[in-house]
Peer 1: 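Sharing a structure below in structure tokens format, with a few things to ask.
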Amino acid sequence: MNSANNNAAMLEDAVQSCMAQPVYGLPKLEKSQLLAEILTRLTWHHASACPPYARILEAHGHSGPRPFALEDIPFLPVRLFKDYELSSIPDDQRFKVLTSSGTTSQRVSKIILDRNTSTLQTRALISILQQFLGKARLPMLIIDHPGVIKDRKTFSARGAGILGLSNFGRNHAYALRDEDLAPDMETIARFMQAHRGQRILLFGFTFMVWKHFYKPILDSGISLSFEDAILIHSGGWKKLQEEAVENEIFKASLKQALNITAVHNFYGMVEQVGSIFMECEYGRLHTPAFADVLVRNPRDWSVLPKGVKGLIQVLSLLPSSYPGHSLLTEDVGEWTGEDDCPCGRLGRTFKVYGRMAQAELRGCGDTHAAMLEEGPIQS
Amino acid sequence: MTGNYISLIPNARSLEQLASTSVLFPFSDEALQFVDALSASLFLSPDSRAYPEILALAFWMRKANLVRLKQQMQQRNGDALLVPRGTVFHIAPSNVDTIFVYSWFLSLLCGNRNIIRLSSRSSAQTEILLSAIAKLLSAAEYTNIAERNLLVRYGRDDQVTTLLSSVCDVRVVWGGNATVQEIRRIPLPATSTEVAFANKYSLALISADAWLAADEPTRSKWTKGFYNDAYWFGQMACSSPRLIVWLGEATVARRAADQFWREVARLLSSSKTGFTDADYVNKLVASDALAMESTVSILQSHDNNIVRVWLDAPALHEERHCGGGLFFECAICQMKDLRPLLNRTVQTVSYAGISAEEIKDFVRSAPLAGIDRWVPMGRALDFSPVWDGFDLLRVLMREITVD
């Protein structure tokens with residue numbers, strides 16, 4: 001028992017020291033060694049704390065604590081969290097349970113957090129977003145309708161995501177009307193008037209921004225020009241792909257029509273809250289110091305080199321309360337570089353093309369949203 | 001009561017016209033000629049060549065085989081007086097494209113009128129079959145057949161199913177358990193009957209000693225046969241082997257199995273499985289899920305086209321299986337160790353290295369809780385008029401007794 005406690009304490013120290021590193025400042029060799037070491041420890045920590053996880057490791061032939069190279073860290077398919085509640089903590093240490101939303105027939109993921117993992121997630125999110133938003137809270141215009149967070153019964157992961165990100169803003173206003181999701185021009189004008197000359201934060205889900213904000217404003221002929229706005233958005237491109245809208249078009253359109261010059265998408269999931277992957281000024285998604293991505297060949301799970309499409313595996317040091325530190329997603333992507341982005345941030349960069357064909361269908365704006373939720377939803 | 005369906009053959013008759021047309025004699029010349037003509041047209045079509053399951057169907061439809069079917073039927077039934085039941089409504093499955101033809105033709109050979117419902121999900125194979133069928137049915141010489149058969153397609157629509165059910169004497173339901181349950185809620189005329197084919201699970205049984213002792217041609221015959229059984233239809237047919245049971249002592253079985261899979265991997269490397277990324281992920285999810293519930297080893301294989309899960313304790317784990325090249329494996333010391341595994345969902349056992357006599361003795365020794373058919377490895381997907389324990393040629397006819 002004592003040695004288990006010791007191990008846990010050592011693991012925590014290691015994670016803390018990695019979190020203390022500059023978010024985008026760890027060079028490749030150093031990062032992969034550090035991550036491999038801590039992820040190895042996390043793997044064996046979960047093996048001793050989560051019996052079903054230990055059984056999976058054993059079935060794959062991993063027995064006894066031994067070190068893994070980064071590419072050899074065992075991974076779980078992310079869908080397992082929909083069918084099973086996997087926890088590495090005693091029930092009395094449950095702090096909250098995150099769930100992804102889904103439409104009717106879909107199952108939801110259940111992610112079990114203790115206070116420690118939850119705190120790490122919040123810290124991680126803050127340290128990443130501060131790199132883009134600065135330390136001060138900005139006036140925040142939410143590209144959604146106020147009702148999205150009000151009705152607790154239909155409280156969606158979208159609502160949870162908005163609440164989570166609201167912590168990074170102040171003087172919040174909602175840009176859309178409850179009754180018809182049309183832009184609330186009066187509120188928007190008032191917000192812009194009140195914060196003239198200040199930098200402002202816009203946040204919304206990708207398809208909400210496009211379909212309910214950008215397009216109606218464009219169609220109405222009203223001219224709206226933000227002076228200094230940064231837009232952060234997420235939730236997947238599936239709905240927009242149907243309209244053949246890709247990231248480049250999205251950004252160019254928002255700049256041209258609304259003068260929103262800084263637009264950042266991010267990739268992340270409820271199964272690894274906190275370690276999100278932000279898009280930089282050059283359109284690349286960046287891995288922070290405490291997380292990484294690998295791309296695997298679905299044909300044999302081998303690790304793919306730069307520029308080759310495959311399934312994305314996400315690695316994160318944050319999950320210690322559930323075995324979600326190494327997950328194989330159902331998203332197709334490729335990695336585009338390492339420590340060589342013109343934006344100057346270190347770490348691996350990558351691109352996401354969307355969900356693999358014929359995968360289990362999921363709703364849009366759901367799982368990516370839940371990752372931002374703060375405050376207990378259940379438990 | 002109305003319903004909308006799309007007829008898949010030109011100049012289709014209405015339901016009323018169909019009902020007012022008389023049935024044919026069992027194994028009538030018209031029916032035999034039509035089936036044989038379709039066989040010829042599929043053999044000639046360059047489109048069919050890419051699909052071994054279509055060629056297998058065409059082979060089954062040859063006149064020689066039909067004559068054999070007729071003889072077998074007569075042998076089994078002696079001088080019983082058999083007549084067609086009337087109208088048979090076939091509800092085809094969406095996972096195996098050729099089943100609708102087998103089901104339809106057995107009934108056609110019995111002399112029945114037929115309504116065949118195809119699912120709205122189409123495939124290249126289905127389209128090839130449909131275009132060949134439509135072409136033949138529009139020829140003047142097959143008017144007798146065209147008048148008595150209706151091929152329709154519609155989505156999930158209880159109204160249409162209710163309408164078609166109301167005019168049939170036998171309803172034949174192919175499909176998963178959910179489809180069967182759903183269709184059963186829809187009433188049939190009081191005098192009608194139903195034959196339903198639910199989800200089934202199949203296995204392969206291989207003698208480990210026989211494998212190790214076998215010469216190269218025998219091994220190659222078995223692995224090729226197994227490849228066909230398992231990989232046509234992406235392991236999604238009811239008769240596709242999903243569990244491989246090795247008959248033999250555990251370490252011997254593992255040795256035989258490792259050799260066997262090396263050979264299968266070699267076959268796979270030169271063929272296209274058509275599996276998608278989702279298939280590979282599904283298999284990982286299924287094997288990890290099984291690992292949580294039971295003691296298993298997920299064994300290394302050449303690539304993800306073969307995913308092997310070795311079970312410490314023999315079991316079916318049918319709920320865990322997702323197809324697409326996922327194989328559960330176990331070893332048993334004696335045939336009788338198979339008994340506790342069986343339940344009614346077990347359909348086909350494809351065997352290798354065991355004699356048919358041994359199997360018959362085993363079947364006779366005590367009633368089995370499952371298994372409908374035993375076939376030599378390589379013939380799991382062969383269609384047979386006795387399916388899931390039903391003699392379809394018998395079920396689709398009515399016997400008249402004269403005392």
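Numbers restart at 1 for each chain; the letters A, B, ... are given by sequence-line order, proteins then strands.
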Peer 1: Under a 4.5 Å heavy-atom cut-off, does chain A meet the side chain of B:Ser294, its backbone, both or neither?
Peer 2: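 Contact with chain A: backbone only.
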Peer 1: Less than 4.0 angstrom from a charged side-chain N to a carboxylate O is my criterion; do B:Glu127 and B:Arg153 meet it?
Peer 2: yes
Peer 1: I'd like to verify something: which residue of B:Phe275, B:Tyr280, B:Trp310 has the highest number of heavy-atom pairs under 4.5 Å with chain A?
Peer 2: B:Tyr280
Peer 1: Chain A heavy atoms under 4.5 Å from B:Glu293: which part of the residue, side chain, backbone, both or neither?
Peer 2: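 B:Glu293 touches chain A through backbone and side-chain heavy atoms alike.
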Peer 1: Quick one: which of B:Ser301, B:Ser297, B:Ala291 has the most heavy-atom pairs under 4.5 Å with chain A, could you say?
Peer 2: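 Ranked by contacts with chain A, first place is B:Ala291.
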Peer 1: Counting only heavy atoms not in A:Gln93, do more than 12 fall under 6.0 Å of its CD?
Peer 2: yes
Peer 1: Under a 4.5 Å heavy-atom cut-off, does chain B meet the side chain of A:Leu311, its backbone, both or neither?
Peer 2: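 Contact with chain B: side chain only.
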Peer 1: Mind checking ring pair (Phe, Tyr, Trp, His ring centres under 6.0 Å) for B:His317 and listing every partner two or more places apart, or none if nothing turns up?
Peer 2: none
Peer 1: Could you have a look at B:Val307, B:Leu284, B:Asn305, B:Thr273 and say which one has the most heavy-atom pairs with chain A under 4.5 angstrom?
Peer 2: B:Leu284
Peer 1: Verify whether one side chain among B:Tyr227 and B:Ser271 offers a donor that lies under 3.5 Å from an acceptor in the other.
Peer 2: yes
Peer 1: In the structure I gave you, are the side-chain heavy atoms of A:Ser321 and A:Ser88 within less than 4.5 Å of one another anywhere?
Peer 2: no
Peer 1: Run the salt-bridge test on A:Glu85 and A:Arg94 with the 4.0 Å N-O cut-off and return the result as yes or no.
Peer 2: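 Result for this pair is yes, salt bridge flagged.
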Peer 1: For A:Leu57, is it the side chain, the backbone, both, or neither that has a heavy atom closer than 4.5 Å to a heavy atom of chain B?
Peer 2: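 Answer is neither: A:Leu57 stays 4.5 Å or more from chain B.
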